[in-house]
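Structure record follows, encoded as structure tokens.
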Amino acid sequence: MSVKDYWDILQDVWETLPEQLQFILTLVIIIILAPLIAIIIANLYKKNIKELLGGGKKGGKENATTPTQQSSPEPQVVTIQVSSQPPAENPASSSDTTVKQLTLPPVYIVKPLYRENLVDELCRKISVAAQAEEDNKFLLHGFGGVGKTTVARALYHKLKKQCKQIGWVECRESGALKDSLLAAIATGSGNKTDEERFAEIERLLRDATGETVLFLDNADRNDPLLRELTRYDLTLVVTSRMEQVEGYTSIFIPQLTEDECVKLFCTYCNRPLTEQDKSKVREMVKLVSCHTLSVELLAKGLPAGMGLEAYLERLKAEGFGFPGLTFRTGHDEEIGTITGHLRKLFNMAGLGPEQARVMQNLALMADSRTLPFAVRNWIGCEETTLAALVNTGWLTQTEEGYEVHPIVRQVVLLDEVPPSAVEHYLNYVTCKAYFQDGEDYRTVQFKLGIVESVLERVEDRLEESEDNAALHNNLGNVYEDQGQYAQAEKYYQKALDIRLELFGSRHPNTADSYNALGVACHDQRKYDQAKTNYENALNIRRKVLGENHQDTASSYDNMGCLHFDLGRYDLAKENFEKARDIRLNVLGENHLDTAGSYNNLGAIYSRQWEYAQAEEHDQKALNIYRAVQGENHPDTATSYNNLGVDYKGQKRYDEAVEQYLHAWRIWQRTLGPEHQDTKRAERNLRDCFPHIAHGDEDFETWLSRQQAD
């Protein structure tokens, strides 16, 4: 039977029913189907709506106050015996053009290994496990300062010649492992939330095979995500102070032998040593139980003009040393012993006040990755100060910047850092020289991680000043730009609290904080809270700044955006018109904020199917964007795209395609072919394609020709 036959039978049955029953059933069908039909219509309509509300929700950058000046099996434990060999040549110099880098590679530091056999054996084990696609999760564990990261870095550069994909993640001391993955693994362009980015990372890992190797360095916290990652087929290499993690094969990284540590000391020492000197070196090596980092610090810290015997006696007199210690795990009482003894060595180094301040800054910042050379500007110090710290071993210089060993970080932070020590850095962040326009997500997240690490230690002791409020407000702006709205709300709340305490509820800066907080709530669809904050900002601005002020116009704009999102189009239009009138009066016709008002009014008319009026306003917006920002700007492309929507709504398909093509070409040049805006313009062109003359060409062929034109 055909569909028509079934329909005829249904009609016959319907006609046999009493009229009252027909009426009741009709009502039931309408009640059930009406919401579904409404949703379908709304989604279809949204498909044709442009990037709405370009001039609204100016909560972020508008408010920045700038002072004058980012079930597994039980683990297997393996211990590998190693012997000493000469240091290998730099593996970073090898070619690896066929390998896809999932992350930035780790810095390769040329330093004595004396663990080449260990690296070779680990490389063999990992290669065999990858081919077998089983037991390919490895935990390289040992005490802090024994050389796990050095081994892992050498292993990375060796393995990258053999695998298809490879990545390196520096695990932060603070925050969850998820945050470290987000900061390290790029997830393409576009304004995405952290949840969306992490979903992409999960898909990447889920699709990986054993030929993908991911390193997690210094994963010292028993984060549940460590076990969850064992579900994926990729090879995982984790360095940790933990001895065991479920699902991982544990491989103990042992200390070097006495002879190897003596060689290590001689390598790092800046003077030639006699055989008699070496006997004193051996005593020092025993004094620190062959602890690799301690041997390096002892060698580099040898004072100029002091003999080895005098140096050894001084160490003993200061009570320095931990002989006979057996290293296994980093989570026992012995960690305090090591850190405390190294603190004695740190004090013996005799650092001046400026060197001590710089070390405090670097220790607070070094929650994870290498600090770039730009850190000199961030904290305000001379290169000679950093060079002196490198020479004494407390700081490591690489080709990319500076590193602070995690144990050195603990040593420096045994004493509470005064907020005054990081004043220069916090001012640098506040005046926005720290975050640069156009930086990729990964770079911004790295910088935010540094700020979070510093604030974790000093925030509760910062003075409540406008500079402090501006710092938190600007950090909120950065998180807002990154799509991390909950984090933005946290910082905006802090800025608001400070400003209410300083200025009360009738001050422009307080209004700025209310407005910014409203934006963060709005972006999280917390509409009631957004409305309250927007209204507070608007009321203050009207009373303090007056009706005819550009900040008052911005508040009207944001109220319009909120009403728009709630479907209250008449109220949205009323607020958008107030904002437009103020901007025309205060800023004039050829201003970007005025263009934003025209864009928003165009969105209202378009949403109400009044495409001719929408076209009028969008054309005005386009004229301003072209005059002020030029033809090749993403905002200009947005206006072209909006006009395309207006023309399509009037079934003027050839004109719509012309506007969409302008938008598509500009976005391709400025944002790239994979950007979400470029893809949206391409979808709009595809929708119009059946309604234009294109001969026998398919869409892809036609579009390729348009790009050439």
Side-chain angles (χ1 to χ4, degrees), residues 59-60 63-67 69-70 171-176 178-180 182-183 194 221 356-369 371 375 377-381 404 406 409-435 444-482 484-503 509-510 512-514 516-517 520-521:
N63 299 325
T65 302
T66 307
Q69 267 306 75
Q70 308 217 2
C171 298
R172 298 172 175 173
E173 284 187 37
S174 60
K178 176 181 175 181
D179 297 329
S180 299
L182 282 167
D194 278 355
R221 301 172 59 186
R357 181 190 72 86
V358 169
M359 278 305 303
Q360 288 173 331
N361 275 261
L362 298 179
L364 286 175
M365 293 176 172
D367 191 23
S368 57
R369 204 170 92 190
L371 296 168
V375 76
N377 300 322
W378 301 350
I379 64 178
C381 74
V404 181
R409 184 172 190 255
Q410 292 172 355
V411 166
V412 176
L413 297 181
L414 279 176
D415 292 337
E416 192 172 71
V417 177
S420 58
V422 294
E423 192 173 77
H424 190 285
Y425 172 67
L426 296 180
N427 286 338
Y428 201 91
V429 173
T430 305
C431 72
K432 298 195 296 188
Y434 184 66
F435 296 102
V444 175
Q445 288 302 301
F446 170 60
K447 290 183 176 181
L448 282 170
I450 294 176
V451 182
E452 293 272 13
S453 179
V454 173
L455 287 179
E456 182 184 3
R457 298 273 183 165
V458 302
E459 184 172 22
D460 60 343
R461 294 178 286 122
L462 290 175
E463 179 185 351
E464 291 206 341
S465 63
E466 172 52 26
D467 283 353
N468 189 13
L471 166 68
H472 285 82
N473 192 78
N474 290 351
L475 286 172
N477 292 341
V478 177
Y479 278 112
E480 179 77 22
D481 289 344
Q482 295 289 297
Q484 296 174 268
Y485 305 124
Q487 281 290 92
E489 180 183 358
K490 181 184 81 170
Y491 281 102
Y492 288 148
Q493 285 277 14
K494 179 65 175 178
L496 175 61
D497 289 342
I498 296 173
R499 285 171 171 168
L500 281 170
E501 182 70 25
L502 291 174
F503 308 122
N509 289 11
T510 306
D512 290 347
S513 282
Y514 274 125
L517 188 56
C521 293

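When reading the values below, keep in mind they use all heavy atoms of this one structure, side chains included, and skip hydrogens, waters and symmetry mates. FYI, the numbering just counts along the sequence from 1. The structure displayed is predicted, hence computed values, not measured ones.
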Return the minimal non-hydrogen interatomic distance between [X] and [Y], and the atom names on each side.
| X | Y | result |
| --- | --- | --- |
| Asn474 | Thr430 | ND2-O, 2.5 Å |
| Arg499 | Ser513 | NH1-OG, 2.9 Å |
| Ala520 | Glu480 | CA-OE1, 3.7 Å |
| Ala488 | Gly476 | CB-O, 3.4 Å |
| Arg221 | Ala176 | NH1-N, 4.3 Å |
| Val454 | Leu426 | CG1-CD2, 4.3 Å |

Can you tell me how far apart [atom1] ([X]) and [atom2] ([Y]) are? Round to the nearest 0.5 Å.
| X | Y | atom1 | atom2 | answer |
| --- | --- | --- | --- | --- |
| Met359 | Leu364 | CE | CG | 10.5 Å |
| Arg457 | Gln360 | CZ | CD | 11.5 Å |
| Leu455 | Asp460 | CG | CG | 10.5 Å |
| Phe435 | Leu475 | CZ | CG | 6.0 Å |
| Glu489 | Leu496 | CD | CG | 11.0 Å |
| Gln493 | Cys521 | CD | SG | 7.0 Å |

When you look at Val404 and Val412, which way does the side chain to side chain contact (heavy atoms under 4.5 Å, CB included) test go after all the steps? CA-CA 10 Å; Val404 181; Val412 176; 5.9 Å; no
Report the residues that fulfil side-chain hydrogen bond (donor to acceptor under 3.5 Å, both in side chains) with Gln487, sequence neighbours left out, ordered by chain and then residue number. Glu452
With Asp194 via side-chain hydrogen bond (donor to acceptor under 3.5 Å, both in side chains) - residues at least two apart: Tyr441, Gln484
Asn509 and Asp512: side chain to side chain contact (heavy atoms under 4.5 Å, CB included), yes or no, with the steps? CA-CA 5 Å; Asn509 289 11; Asp512 290 347; 4.2 Å; yes
Short question: side chain of [X], backbone of [Y] - any donor-acceptor pair under 3.5 Å?
| X | Y | answer |
| --- | --- | --- |
| His424 | Trp378 | yes |
| Ser453 | Met365 | no |
| Arg357 | Ser420 | no |
| Lys447 | Tyr434 | yes |
| Asn468 | Ser465 | no |

Would Val358 and Ile379 satisfy side chain to side chain contact (heavy atoms under 4.5 Å, CB included), going step by step from the backbone distance to the final call? CA-CA 7 Å; Val358 169; Ile379 64 178; 3.9 Å; yes
Would you indicate whether the side-chain heavy atoms of Tyr425 and Ile450 approach each other to under 4.5 Å?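 Heavy-atom side-chain distance check passes, below 4.5 Å.
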Would you mind reporting whether Val478 and Val451 have side-chain heavy atoms less than 4.5 Å apart?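 Val451 vs Val478: side chains apart.
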Hey, mind stepping through Tyr492 and Asn473 against side chain to side chain contact (heavy atoms under 4.5 Å, CB included) and telling me if it holds? CA-CA 5 Å; Tyr492 288 148; Asn473 192 78; 3.7 Å; yes
Is any side-chain N of the basic residue among Glu459 and Lys494 closer than 4.0 Å to the acidic one's carboxylate O?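 Lys494 and Glu459: not salt-bridged.
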Around Glu501, counting heavy atoms of other residues, nucleotides and ligands shown, do more than 12 lie under 6.0 Å from its CD?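 Open.
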